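What you see is a predicted model, and the numbers here were worked out from it, not measured in a lab. Atom set for the values below is all heavy atoms of this structure, side chains included, hydrogens, waters and symmetry mates excluded.
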Amino acid sequence: MTRPIDLRSDTVTTPTPAMRKAMAEAEVGDDWYGDDPTVNRLEQRCAEITGKDEAVYVATGTMANEIAMHILVRSGHLVVCEATAHIAGVEVASAAAMSGIAFKPIRADRGQLTAETVGAAIEPDPYDVDVVDLVAVENTHQVGGGSVMPVEELRSIRKVSQEAGLPVYLDGARIFNASAASETPVHEYTAEVDALMFCLSKGLGAPIGSVLCGPADFIREARRVKILFGGAWRQAGIMAAAGLVALEDGPGRLTLDHANARALADGIALSTPAAVDPAAVETNIVFVNTRAVGVEPFEMRDRLRDAGLLVTVVANKVRMLTHRDVTAEDVGEAVRIWQGVIDGVAGGGPRR
Ligand SMILES: Cc1ncc(COP(=O)(O)O)c(C=O)c1O
């Protein structure tokens, strides 16, 4: 059987030959002691790119987010964020279990917070019971369909947060996608937040790893909490070597992923125009509301899988992500598979 086309996530990429070579040749040490030279080089490079004092390399984006919130938010206090943000959805139990943190979620179209909605959410509780310690934004916003927050909006959010004495944290798992789509350098975004993380293991294509960046005292504490959370990963330079390659090779090709995602949405809209809005595709994420054409998303996922196309279901929609291991030809084939499955479910004909 031919290899299925895997659009479940941009995390499914496998290391390039250049990454494997770098991994094989990586100079390593024990990261617990801070003496893995490749990890140190990666951290230094990430601090430079984001314009922050320092950076710490960790296993996952979730670990980076959880370390950051553990430091910036007191147990029993709140984080203001968008209601479908990764930290408040997928990670909500982690934040509760590891740090006693709860969320004050804001519902926002396409996941996009504004200075106005944040300003209202951080109004102090007159009874001093619900205390907000942190404002967190996600860019691009995953459940929001890979939507991009313009840097001007982030600047305004920072301003209202600063006026309230609150730090702003960026879950920038896909900040390089936001940067590519908005043609805004990453450092312009990161200048507007106190601390951030981004993932090497998503669109940039590294096999493993995320990086938390921020002021020196914050990162010093983050190194301690990383160990506390079981994240001292010894000769991690083997992975960091691939991360360094991803940082060099990854950002420049993200516009290809974005074009592929748009082509995918355009192709799907031919057979199921009511289910997808290609104009809403800003980066590498496509959501299709199959219920709009009378098909349950999990049924669609299973039928697509049987036909050789792997997708996930998120927020009751079929979710697909383009990435480095997906070519324009794969997108064409994915559209053909989609059309065939829809024809099978519907008994033929475009579904509106
Ligand atoms: C927006 C966002 N933040 C954080 C994460 C967590 O990253 P990881 O899977 O590396 O824990 C993800 C993962 O999909 C994500 O989409």
Side-chain angles (χ1 to χ4, degrees), residues 6-28 31 36-52 54-65 86 138-140 142 146 148 170-187 189-190 196-213 226 231 233-261 283-285 321-327 330:
D6 195 345
L7 303 183
R8 288 173 301 168
S9 177
D10 47 8
T11 57
V12 300
T13 55
T14 53
T16 60
M19 287 179 195
R20 287 193 183 274
K21 183 168 186 294
M23 291 165 86
E25 294 171 0
E27 199 188 342
V28 296
D31 183 48
D36 186 305
T38 310
V39 169
N40 294 346
R41 256 196 314 131
L42 174 70
E43 291 177 344
Q44 208 177 344
R45 185 77 190 107
C46 292
E48 276 163 23
I49 289 171
T50 59
K52 296 300 180 199
E54 286 185 31
V56 58
Y57 180 47
V58 298
T60 63
T62 301
M63 183 180 269
N65 285 340
H86 199 276
E138 184 178 308
N139 197 17
T140 65
Q142 193 258 118
V148 179
L170 169 66
D171 174 347
R174 298 185 178 83
I175 192 63
F176 283 87
N177 294 84
S179 165
S182 63
E183 297 180 3
T184 306
V186 164
H187 67 83
Y189 276 116
T190 54
L196 73 133
M197 79 86 173
F198 69 88
C199 296
L200 294 159
S201 58
K202 295 195 167 68
L204 300 184
I208 293 172
S210 294
V211 188
L212 184 60
C213 311
K226 170 183 165 183
W233 51 346
R234 309 302 179 180
Q235 285 75 39
I238 290 182
M239 267 86 69
L244 279 161
V245 176
L247 266 184
E248 286 307 308
D249 297 353
R253 53 159 310 287
L254 290 173
T255 50
L256 269 178
D257 291 348
H258 300 173
N260 281 339
T283 55
N284 68 329
I285 305 181
L321 275 81
T322 53
H323 50 78
R324 206 199 40 233
D325 291 356
V326 173
T327 62
D330 291 333

Q: Considering non-hydrogen atoms only, spot the tightest contact between Tyr57 and Ala236 and give its length.
A: CE2-O, 3.9 Å

Q) Do Phe176 and Leu247 come close enough that some side-chain heavy atom pair is under 4.5 Å? A) yes

**Q.** Minimal non-hydrogen separation, Thr190 against Lys52, with atom names
**A.** O-NZ, 2.8 Å

Q) Please walk me through it: do Leu196 and Tyr189 pass side chain to side chain contact (heavy atoms under 4.5 Å, CB included)? A) CA-CA 10 Å; Leu196 73 133; Tyr189 276 116; over 6 Å; no

Q: Assess whether atom CD of Glu48 is packed by more than 12 heavy atoms of other residues, nucleotides or ligands within 6.0 Å.
A: yes

Q) What closest approach, in Å, do Gly61 and Met197 show between heavy atoms, and which atom pair accounts for it? A) CA-CE, 3.6 Å

Q) With no hydrogens and no angle check, is any side-chain donor or acceptor of Asp325 less than 3.5 Å from a backbone partner on Thr14? A) yes

Q. Is there a donor in the side chain of Asn284 and an acceptor in the side chain of His323, or the other way round, less than 3.5 Å apart?
A. no

Q: List the steps and the verdict of salt bridge (Lys or Arg N to Asp or Glu O under 4.0 Å) for Arg174 and Asp10.
A: CA-CA 10 Å; Arg174 298 185 178 83; Asp10 47 8; 2.8 Å; yes

Q) Under a 4.5 Å cut-off applied to non-hydrogen side-chain atoms, are Met239 and Asp31 in contact? A) no

Q | From Arg41 atom CZ to Leu244 atom CG, the distance as rounded to the nearest 0.5 Å | A | 5.0 Å

Q | Main-chain N/O of Asp257 paired to Asn260 side chain as donor or acceptor, under 3.5 Å | A | no

Q: Search all heavy atoms of Leu204 against all heavy atoms of Ala246 and return the closest pair with its distance.
A: O-CB, 3.4 Å

Q) Distance-only, no hydrogens or angles: does the Ser201 side chain make a donor-acceptor pair with backbone N or O of Ala206 under 3.5 Å? A) no

(Q) So Leu42 and Val39, do their side chains get closer than 4.5 Å, heavy atoms only? (A) no

Q.
Is the shortest side-chain heavy-atom distance between Val148 and Asn139 below 4.5 Å?
A. yes

(Q) Looking at Ala241, is its backbone amide N or carbonyl O close enough to the side chain of Thr38 to form a donor-acceptor pair, meaning the two atoms are under 3.5 Å apart? (A) no

(Q) Could you check whether any side-chain heavy atom of Thr16 comes within less than 4.5 Å of a side-chain heavy atom of Arg324, counting everything from C-beta outward? (A) yes

Q: Verify, without hydrogens or angle tests, whether Ser9 (side chain) and Val12 (backbone) share a donor-acceptor contact under 3.5 angstrom.
A: no

**Q.** Audit row: Thr62, Asn65, side-chain hydrogen bond (donor to acceptor under 3.5 Å, both in side chains) steps and yes/no
**A.** CA-CA 5 Å; Thr62 301; Asn65 285 340; 5.8 Å; no

